[in-house]
Amino acid sequence: MVPRGLFFIESKNRWLNEDRLHMSILTNILGSSLGKKYIMALTGVGLFIFVIGHMLGNLQVFLGPEALNAYAAFLKSKPGLLWSVRLGLILIVVLHITTAIQLVLENRRARPVRYLNNKPPASSLASRTLFLSGLVIFSFVAYHLMQFTMGVTNPEYLHLEDSLGRHDVYRMTILGFSSPVVSGFYILAMGLLCLHLSHGVGSSFQSLGLKNRNAGIVIDRLAKTVAVIVFVGNCSMPLAVLAGIVK
């Protein structure tokens, strides 16, 4: 008969060995090119969902200050939810950018001889500029946060209040987009973002194994359609401010 203490030690060691094995398998998967592509795909889908939700929230600027400020006040009244989304978004962005850089470096090491004219065969403009557009989008997001969220570039925006004492996000939006330079940078970033999405969404489905020959055509067309909708929706705000439609 095995002593109870010895049985407990053997069971514990077996569990530890199984945990190490599982961690080793997970590390190997995530460290492989295929694992990185899965991470890129999942984080890309997450960012795609956020972009659509963010656009729908911001489009309330066309409903007037009451609607937009009430929406912003509601979000601030849920700090737990708001910060969970923010921290989750930061994690997703870091993983997306990190794996993108790793995959680019791996591809370059695997192909020491570059394509003639730096243009892979059967590639689209979106696929060839995917990494570059991602860097520009990241730069824009950093500036956008410093301007509207953290108040680094325009600290006065954080002190704007409406008649009900709420943060006047509507007025902040008007002031921010009143600058042709800021609006121009925003529109440029949206163009690159939608170019990024038009290819990235389809690639994400392909990496996840959800894109076959028949579904691929539908997915690619849907991705391009949604990218156009996002571009028009987001660009309508700065253009409306510059045209004096929203004031």
Side-chain angles (χ1 to χ4, degrees), residues 19 22-23 26-27 29-31 35-63 65-103 133-155 157-162 164-173 176 186 189-190 192-194 196-197 200-201 203-205 207-208 210 223 226-227 229-230 233-234 237:
D19 288 341
H22 293 156
M23 287 299 297
L26 181 61
T27 301
I29 292 175
L30 296 180
K36 292 185 180 72
K37 288 181 180 179
Y38 278 136
I39 294 175
M40 278 285 291
L42 292 173
T43 54
V45 171
L47 291 173
F48 177 64
I49 294 173
F50 171 78
V51 165
I52 294 177
H54 189 64
M55 179 191 69
L56 293 176
N58 289 341
L59 282 175
Q60 293 183 75
V61 70
F62 290 104
L63 300 178
E66 173 58 31
L68 186 60
N69 291 345
Y71 169 69
F74 170 77
L75 293 180
K76 289 189 176 182
S77 69
K78 309 291 182 182
L81 175 62
L82 184 60
W83 277 104
S84 295
V85 173
R86 284 176 174 174
L87 293 176
L89 187 60
I90 291 173
L91 177 61
I92 289 175
V93 169
V94 170
L95 286 174
H96 196 75
I97 294 175
T98 301
T99 51
I101 293 174
Q102 290 173 340
L103 286 171
S133 63
L135 291 179
V136 176
I137 294 166
F138 175 75
S139 301
F140 161 74
V141 170
Y143 174 78
H144 193 62
L145 290 174
M146 288 190 294
Q147 183 186 30
F148 286 147
T149 303
M150 296 181 288
V152 175
T153 61
N154 299 88
Y157 289 178
L158 300 182
H159 304 292
L160 296 173
E161 293 186 352
D162 63 9
L164 298 178
R166 301 171 301 192
H167 184 205
D168 198 343
V169 178
Y170 182 86
R171 185 61 182 166
M172 180 179 69
T173 303
Y186 184 89
M190 288 305 105
L192 292 175
L193 172 64
C194 293
H196 196 89
L197 290 175
V201 172
S203 296
S204 295
F205 279 92
S207 297
L208 294 173
L210 302 175
V226 174
I229 292 173
V230 170
N234 281 328
M237 292 177 279

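Counting from 1, the numbers follow the sequence of the chain as shown.
To the nearest 0.5 Å, atoms CG (N234) and CG (L193) are separated by 7.5 Å. A distance of 11.0 Å separates CG of L192 from CG of L197, quoted to the nearest 0.5 Å. Separating the CZ atom in R171 from the CG atom in L68 is a distance of 13.5 Å, to the nearest 0.5 Å.
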In sequence, state the C-alpha distance, the side-chain angles, and the governing distance for L89 and R86, and then conclude on side-chain contact (heavy atoms from CB on, under 4.5 Å).
CA-CA 5 Å; L89 187 60; R86 284 176 174 174; 5.7 Å; no
List the steps, then state whether side-chain contact (heavy atoms from CB on, under 4.5 Å) holds for L91 with L87.
CA-CA 6 Å; L91 177 61; L87 293 176; over 6 Å; no
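Not counting sequence neighbours, the partners of F140 by the ring pair (Phe, Tyr, Trp, His ring centres under 6.0 Å) test are H144, F185, Y186. Contacts of K78 classified as side-chain contact (heavy atoms from CB on, under 4.5 Å), with partners at least two apart in sequence or in another chain: F74, L81. In terms of the side-chain contact (heavy atoms from CB on, under 4.5 Å) criterion, S139 has no residue partners (sequence neighbours excluded). D168 pairs by the salt bridge (charged side-chain N to carboxylate O under 4.0 Å, His left out) definition with nothing, not counting sequence neighbours. By the salt bridge (charged side-chain N to carboxylate O under 4.0 Å, His left out) test, E66 pairs with R166, sequence neighbours left out.
Contact record, K36 with L103: CB-CD2, 3.8 Å, taken as the closest heavy-atom pair. Annotation for C194 and A227: closest pair SG-O, 3.0 Å, computed over non-hydrogen atoms. Nearest approach of V169 to A72, heavy atoms of both residues: CG2-CB, 3.4 Å. Minimum heavy-atom separation, Y157 to Q147: CD1-O, 3.7 Å.
Residues Y170 and D162 are not in side-chain contact: their nearest non-hydrogen atoms beyond the backbone lie 4.5 Å or more apart.
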Just distance, no hydrogens or angles: give the donor-acceptor pairs under 3.5 Å from side chains in residues 43-63, sequence neighbours left out.
| from | atom 1 | to | atom 2 | distance (Å) |
| --- | --- | --- | --- | --- |
| T43 | OG1 | I39 | O | 2.6 |
| T43 | OG1 | M40 | O | 3.1 |
| T43 | OG1 | H96 | ND1 | 2.8 |
| H54 | NE2 | N58 | ND2 | 3.0 |
| N58 | ND2 | H54 | O | 3.4 |
| Q60 | NE2 | G57 | O | 3.3 |

